[in-house]
Every structure is written in structure tokens, then in C-alpha cells.
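Here is how names work: the chains are called A, B, and so on, in the same order as the sequence lines, proteins then strands, and each is numbered from 1.
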Amino acid sequence: MEETNDFFALRKNKLDELRAKGMDPFRNEFRPTRTVAQLRAVHELGMTVKVAGRLTAHRRMGKSIFSDLRDESDRIQIYVQKDAVGEDEFERFKHLDLGDIIGAEGEVFTTKTGELSVKVVKFVLLTKSLRPPPEKWHGLQDIEIRYRQRYLDLMSNSGVRDLFRNRSRVIQEIRAFLNGRGFMEVETPMMQRVAGGAAARPFVTHHEALNCDLYLRIAPELYLKRLLVGGFEKVYEINRNFRNEGISRRHNPEFTMMEIYEAYGNFRTMMELLEEMIPTVARNVFGTLDIKHTGLNGEILRTIKLEPPWERKTYRELLAGAVAPDFWSWDVEKKRAKARELGIETVDGLEDFEVVNQIFEKAVQPNLIQPTFVTHLPKELVPLAKASREDSSTVDVFELCINGQEIAPGYSEQNDPIEQRERLVAQVGQEIQNLDEDFLVALEHGMPPAGGVGVGIDRLLMLLAGAESIRDVILFPQLKPQKEVEILAPVNVPEPNL
RNA sequence: GGGUUGGUAGCUCAGUCGGUAGAGCAGUGCCCUUUUAAGGCAUUGGUCCUGGGUUCGAGUCCCAGCCAACCCA
């Protein structure tokens with residue numbers, strides 16, 4: 001074979017040579033008898049096993065070769081001896097590449113150094129890998145490639161594999177928890193005629209047959225409430241929302257949201273539900289209620305203690321505590337001055353409650369590291385919630401903050417159709433086409449009083465897994481498209497007939 | 001949108017004052033039948049992100065752009 005460093009060409013040559021000898025480099029006839037983890041768990045020395053996986057390392061020793069074979073569950077060393085497999089097969093094994101997927105059959109034994117291994121009697125190439133894997137020791141470091149080609153990240157970084165396994169388990173545990181309490185999981189439209197339930201710019205798409213524009217949902221809320229009207233009393237949905245807004249460390253245009261509604265519940269029952277659910281999930285998946293967030297060098301930045309009960313504080317007292325005891329007697333100008341002092345520049349056109357909320361987000365929220373329910377938010381901030389009976393300038397809602405982020409807002413849901421209509425009409429203003437009339441009609445049929453909560457699943461994962469960026473908990477985060485994608489294979493594509 | 005940092009071999013990274021482009025791993029060939037980041041010998045491999053500019057000469061300096069990370073908005 002000619003000397004070249006064109007990995008693709010080299011590997012393609014090997015593939016062609018195999019084909020020329022009548023061998024199929026993409027066979028699908030090999031069935032492993034067990035996973036590597038199962039093999040490790042219940043092995044007996046001398047037993048014969050069939051395992052399959054990707055070659056991740058090899059140590060060639062002349063007439064014998066040690067290789068590492070990895071399947072999803074674990075890694076195992078395989079040992080190939082010239083005398084055991086014969087000269088031709090040994091040559092063929094020597095020319096396998098890192099990244100190739102093989103099946104190996106052989107006897108379980110332990111090496112001199114005590115490593116459990118499989119002494120190969122037969123092997124078969126199951127998939128030829130035409131591209132080299134990332135470096136074996138450092139793994140894949142380039143953060144852009146890690147996001148754009150996540151499969152390489154998963155292939156080479158075990159911590160990333162663990163994180164996404166844990167993500168799956170967290171969602172499973174949430175389902176188990178809610179199902180165990182009589183909640184029913186439902187699916188409501190992602191394509192909506194009116195993008196309601198939140199304030200955000202939606203993605204627009206077009207349905208050809210119906211000849212109408214549809215929006216990708218920004219929230220499932222208004223459909224889940226229709227289900228309460230219909231008589232389902234405890235429902236939840238875990239699914240994607242889409243918001244056509246900026247991308248940041250905490251924002252991906254599509255993100256996973258869970259919303260829970262419980263008839264005859266209220267914001268307090270929702271607080272109790274979360275206070276039980278999140279620790280249960282953390283305990284079952286991570287085995288602890290003390291979540292440690294570490295820095296780049298492994299130093300512990302903070303420990304989040306999920307042990308209930310959690311703090312419950314009103315919006316008013318948190319602000320007074322963080323800014324000034326007499327904060328609530330200040331006039332707007334004094335609040336604006338305070339906002340500017342905090343480095344918030346865009347306060348000029350804002351209403352009083354908006355300025356206050358800017359101050360809240362800057363001076364209070366980032367410091368709410370331990371779980372805190374912020375209650376009694378001003379009604380202007382949350383137009384869809386019920387007024388509080390204790391203080392009619394506030395609403396019966398909470399905002400669960402952990403790790404300096406909003407994790408979950410919860411409400412005593414508004415079920416007065418007259419008031420709801422007024423609020424929604426005020427919200428859409430001139431753009432009356434953005435009014436979800438069918439939802440209002442549903443409310444007019446009567447929605448039972450209910451508690452509701454939305455949990456940002458990605459942010460919950462960041463919290464539980466100690467990730468600093470939302471991209472680290474989403475398998476395929478959104479990035480700008482590259483101008484020229486150089487990862488396309490240099491194969492001969494037939495010219496189109498013109 | 002603004003600022004900072006980065007982009008060099010397939011991967012992980014060096015590259016000094018502007019003077020012939022470097023290492024480790026991976027690859028290729030040879031030696032090696034219990035290694036495990038195996039070892040030894042030899043060797044291949046570069047659009048230095050892109051486009052301009054300054055200069056006798058640019059990976060390096062300047063300008064513009066692209067992509068990313070972080071910070072700010």
C-alpha cells in the first residue's frame with residue numbers, strides 16, 4: 001500500500017481489498033452472547049463468549065496483539081495470538097483500524113497482570129470505519145467539534161456518555177414519580193395556530209394542504225388546560241418548546257419543558273410536589289441530595305443542598321433584604337437610579353414593576369443558589385395567574401430558583417374566563433389574530449381550579465449534572481451552520497443528467 | 001448587538017524578536033507471543049480559518065470577514 005496520510009483513502013483501500021477477497025466489511029450476522037459488562041459480572045475462566053464492539057486501542061507484540069474492545073457497557077481486552085487464529089487471520093487482524101467494529105469469539109482468561117481478557121479464536125469485521133477516531137488519551141477536546149459531531153464526543157469522552165445516560169434516567173424518574181401519583185402523561189400540539197401560553201417570538205411554518213401558517217409551540221399550557229376542562233384532572237407533558245430568540249449559555253432555541261397541571265390543586269400543592277419530586281429524582285439517579293458543582297480543575301465551586309424543606313420567601317422580602325429595607329417606599333426614579341448603579345442600562349422606558357424586576361434578576365436571583373420558592377410576585381409580571389387573597393397586588397404564584405436560575409414557575413391557575421379574556425386581549429393588543437379564541441371558549445365551559453407548574457428540564461439537568469452550559473445537557477445543541485462542511489466524504493457522486 | 005480569547009498535521013498541542021513548519025498520539029514499514037498511554041528503529045502527513053494589506057520576507061504585524069468559547073447587553 002502506498003504511503004499516504006489520507007486516512008479515508010487508506011481505510012477505503014483496506015475495505016476494497018477485503019471486498020476483492022470476497023469478504024463483506026459490513027456483515028450483520030454476528031450476535032454477541034453478552035455485553036462486556038455482563039461478561040465482567042458473571043465470568044468463569046475458560047468459558048467461551050462472543051462479544052462485539054469498537055476497537056479503541058491496540059498493543060502489537062510481534063506474533064500477538066492485545067486490543068481494547070468497547071461496547072456501550074464497558075471495555076474489555078482481547079488477545080489475538082498468531083498460533084491461535086492462524087497466519088492469514090492474524091495478518092487480517094493486524095490491518096484492522098482503530099474505530100472498526102468487530103465481533104470476537106474466544107475464551108475468558110486472566111493475563112499475568114490480572115486483567116480479564118478474551119483469548120480470540122475467531123473474529124469478524126462487522127463495520128469498517130473509514131475515518132480515524134479522536135485521540136485516545138486526551139479524547140476529543142475541541143468544543144465546537146464536540147457539539148457539531150456529538151457522536152465523536154460520545155465515542156471518546158466517557159463523562160459525556162454518563163451525563164446523557166443520567167439525563168435519560170432523570171426523565172424516566174420524573175415519569176415514574178408522577179405516574180405513581182396518578183398523573184397522566186399526554187401529548188398536545190407542537191404545531192399551533194396561535195402560539196400561546198408564554199411571551200416569546202415563535203418559529204413560523206406553513207401547512208401546504210391547509211394553506212395556513214402554523215407556529216411551533218412556545219408552551220403547551222393552553223392545550224393542557226383544555227384537558228382540565230375536558231375532565232382529565234392530573235396531567236403532564238414532557239416535550240420540546242421552540243422559541244425564536246437568542247442563543248446563550250442558558251438558551252437553546254428548542255428546549256425540553258415539562259408542564260404539570262392538577263385540578264383542585266394550587267401553587268402551594270405544586271410547591272410540595274416539586275419539593276418531593278426533585279429530591280426523589282436526585283436520590284434515585286445520583287444517589288445524593290448534595291449536588292456538587294466543580295470548576296475546571298475539579299475544585300468544588302458550590303454544593304446545592306436539595307434536602308427539604310426548601311426556603312419560601314416573598315418577592316417583596318427578598319428585594320428589601322437584598323437592596324434596602326425601605327425599597328418598597330422608593331419612587332420609580334430612585335429605583336431607576338439603583339438599577340443603573342447595578343449596571344442595568346436600559347431602564348428609561350420601563351414601568352415601575354419592570355424596573356423592579358430588572359433589579360430582582362440582577363441583585364436577587366443570581367444569589368439564590370440553594371432551592372428557594374419565591375412567592376407573591378407582582379400581578380403585572382404574571383398576567384395569567386390568580387390574584388392573591390392575602391395581597392391583591394400580588395398573584396398566587398411561585399418561582400423556584402436554584403443555582404441562581406429560574407428552574408420552575410408555578411401558579412394557582414386563572415380559571416375565570418372573563419378576567420382571562422381581558423388579560424389576553426390586553427396582552428395581544430392590536431394583533432387580535434394572536435388571541436386563542438378556542439382556549440377562551442374552553443375556559444367559558446368551566447376549568448376546575450388548578451395548580452400548574454412548568455419545569456425547564458434542561459436547566460434542571462444543568463443543576464443536577466453540574467453543567468455550566470445548556471449545550472452540555474442537550475445532545476445536539478443548535479450552532480450556526482458552517483460555511484463549507486469539510487466533513488463530507490470524498491466519494492464519487494455521479495453527475496446529474498442535465 | 002458590544003467586548004475578550006481562540007482557530008497550526010486526523011486528534012492533543014508547541015511555535016521565541018518577522019527569517020526553511022514542530023512534538024506526542026494516530027498512520028505506514030520493520031523488530032518483538034502477557035501488553036495495557038506497551039517498547040525500539042525508520043518514515044509519511046500542512047489551504048498555519050478565509051480574504052486583503054505592510055514587508056526583501058508573514059503562522060507571527062495591520063485591516064476586514066467566518067466559526068467557536070466566555071463576559072456584557
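Atom CG in L152(A) sits about 14 Å away from atom C1' in U12(B), given to the nearest Å. In this structure, Y79(A) atom OH and U35(B) atom P are separated by 9 Å, rounded to whole Å. Nucleotide U34(B) holds its P atom 18 Å from the CD atom of E107(A), rounded to whole Å. The distance from atom CG of L98(A) to atom C1' of U12(B) is 15 Å, rounded to the nearest whole Å. Atom P of nucleotide G29(B) and atom CD of E91(A) are separated by 9 Å, given to the nearest angstrom. Summarising the geometry, the separation between CZ on F66(A) and C1' on C32(B) is reported as 12 Å, rounded to the nearest angstrom. One interatomic measurement links the two molecules: CZ of R250(A) to P of A73(B), which rounds to 12 Å at whole-angstrom precision. Between the CG atom of D100(A) and the P atom of G27(B) there is a distance of 11 Å, rounded to whole Å.
Here R146(A) lies out of heavy-atom contact (under 4.0 Å) with every strand. Counting any heavy atom pair closer than 4.0 Å across all strands shown, D83(A) reaches a base atom. Using a 4.0 Å heavy-atom distance criterion, Y147(A) is classed as a sugar-phosphate-only contact. As judged by a 4.0 angstrom heavy-atom cut-off over every strand, K362(A) is placed among residues touching the sugar-phosphate backbone only. Within the 4.0 angstrom heavy-atom criterion, base atoms lie near R60(A). Within 4.0 Å of R471(A), counting heavy atoms only, lie sugar-phosphate atoms of the nucleic acid but no base atom. Within the nucleic acid shown, Q77(A) comes within 4.0 Å of at least one base atom, counting heavy atoms only. Residue I65(A) is classed as having no contact, given no heavy-atom separation below 4.0 Å to the nucleic acid.
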Using a 3.5 Å cut-off and no angle test, enumerate the donor-acceptor pairs between side-chain atoms of residues 251-258 of chain A and protein atoms at least two apart in sequence or in another chain.
{"from": "H251(A)", "atom 1": "ND1", "to": "S248(A)", "atom 2": "OG", "distance (Å)": "2.8"}
{"from": "H251(A)", "atom 1": "NE2", "to": "R459(A)", "atom 2": "NH2", "distance (Å)": "3.4"}
{"from": "N252(A)", "atom 1": "OD1", "to": "Q478(A)", "atom 2": "N", "distance (Å)": "3.1"}
{"from": "N252(A)", "atom 1": "ND2", "to": "E254(A)", "atom 2": "O", "distance (Å)": "2.8"}
{"from": "E254(A)", "atom 1": "OE1", "to": "R240(A)", "atom 2": "NH1", "distance (Å)": "2.7"}
{"from": "T256(A)", "atom 1": "OG1", "to": "R167(A)", "atom 2": "NH2", "distance (Å)": "3.2"}

Under 3.5 Å, which donor-acceptor pairs do the side chains of residues 314-325 of chain A form with other protein atoms, sequence neighbours left out?
{"from": "T314(A)", "atom 1": "OG1", "to": "E317(A)", "atom 2": "N", "distance (Å)": "3.1"}
{"from": "Y315(A)", "atom 1": "OH", "to": "N357(A)", "atom 2": "OD1", "distance (Å)": "2.7"}
{"from": "E317(A)", "atom 1": "OE2", "to": "T314(A)", "atom 2": "N", "distance (Å)": "2.9"}

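No side-chain donor-acceptor contact under 3.5 Å links R217(A) to the backbone of A195(A). Looking only at distances, no side-chain donor or acceptor of R471(A) sits under 3.5 Å from a matching main-chain atom of L479(A). The closest donor-acceptor contact from the side chain of E354(A) to the backbone of E351(A) lies under 3.5 Å.
Within the structure, salt bridge (Lys or Arg N to Asp or Glu O under 4.0 Å) contacts touching residues 42-58 of chain A (residues at least two apart or in different chains) do not occur. Residue pairs meeting the salt bridge (Lys or Arg N to Asp or Glu O under 4.0 Å) criterion with at least one partner in residues 90-101 of chain A, sequence neighbours excluded, are K14(A)-D97(A), E89(A)-R92(A), E91(A)-K94(A), D97(A)-K128(A), D100(A)-K128(A). Screening residues 66-86 of chain A for salt bridge (Lys or Arg N to Asp or Glu O under 4.0 Å), with sequence neighbours left out, gives R40(A)-D74(A), R59(A)-D68(A), D68(A)-R75(A), E72(A)-R165(A), R75(A)-E115(A).
With a 3.5 Å ceiling on both atom-pair distances, the Watson-Crick or G-U wobble partner of G51(B) is C63(B). Of the nucleotides present, none pairs with U16(B) by Watson-Crick or G-U wobble criteria with both distances under 3.5 Å. Across every strand in view, C32(B) sits unpaired, with no contact that passes the Watson-Crick or G-U test at under 3.5 angstrom. Across the strands present, C25(B) finds its partner in G10(B); the criterion is a Watson-Crick or G-U wobble pair with both atom distances under 3.5 angstrom. Across all strands shown, A69(B) is found opposite U4(B) as a Watson-Crick or G-U wobble partner, with both distances under 3.5 Å.
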Is there any protein nitrogen or oxygen under 3.5 Å from a nitrogen or oxygen in nucleotides 23-25 of chain B, and what are the pairs?
{"from": "G24(B)", "atom 1": "N2", "to": "E135(A)", "atom 2": "OE2", "distance (Å)": "3.3"}

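Remark on RNA chain B: of its neighbouring residues I145(A) and K94(A), the 5'-side contact belongs to I145(A), judged by nearest-heavy-atom nucleotide. When each of P133(A) and S117(A) is assigned the nucleotide of RNA chain B with its nearest heavy atom, P133(A) is the one assigned upstream, toward the 5' end.
Comparing the C1' positions of C48(B) and U60(B) gives an interatomic distance of 10 Å, to the nearest angstrom. Rounded to whole Å, the separation between the P atoms of A23(B) and A9(B) comes to 14 Å. Nucleotides G57(B) and U20(B) have their P atoms positioned 15 Å apart, rounded to a whole Å. The gap from the P atom of A58(B) to that of U50(B) amounts to 15 Å, rounded to the nearest Å. Distance check on atom P: G45(B) versus G24(B) gives 16 Å, rounded to whole Å. Look at the C1' atom in both U47(B) and U5(B): the space between them is 24 Å, to the nearest Å. Comparing the P positions of G6(B) and C61(B) gives a spacing of 10 Å, expressed to the nearest Å. For the C1' atom pair drawn from U12(B) and G27(B), the interatomic distance equals 16 Å after rounding to whole Å.
With A69(B), C32(B), C11(B) as the candidates, the nucleotide lying closest to the side chain of P134(A) is C11(B). Of the candidates G10(B), U33(B), C70(B), C70(B) carries the atom nearest the R249(A) side chain, counting heavy atoms from C-beta on.
A salt bridge links E29(A) with R27(A); the closest basic N to acidic carboxylate O contact falls under 4.0 Å.
Between K14(A) and the phosphate of U28(B), there is a side-chain N or O to OP1/OP2 separation shorter than 4.0 Å. Not one side-chain nitrogen or oxygen of R148(A) sits closer than 4.0 Å to the OP1 or OP2 atom of A69(B). Within the 4.0 Å cut-off from OP1 or OP2 of A38(B), at least one side-chain nitrogen or oxygen of R59(A) is found.
Residue side chain Q141(A) does not reach the base of U12(B) through any donor-acceptor N/O pair under 3.5 Å, judged by distance alone. Side-chain to base pairing of S64(A) with U34(B): no donor and acceptor N or O lie closer than 3.5 Å to each other.
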Applying side-chain contact (heavy atoms from CB on, under 4.5 Å), run through L377(A) and F398(A) and close with a yes or a no.
CA-CA 7 Å; L377(A) 276 67; F398(A) 66 84; over 6 Å; no
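Other residues, nucleotides and ligands place more than 12 heavy atoms under 6.0 Å from the CG atom of D331(A).
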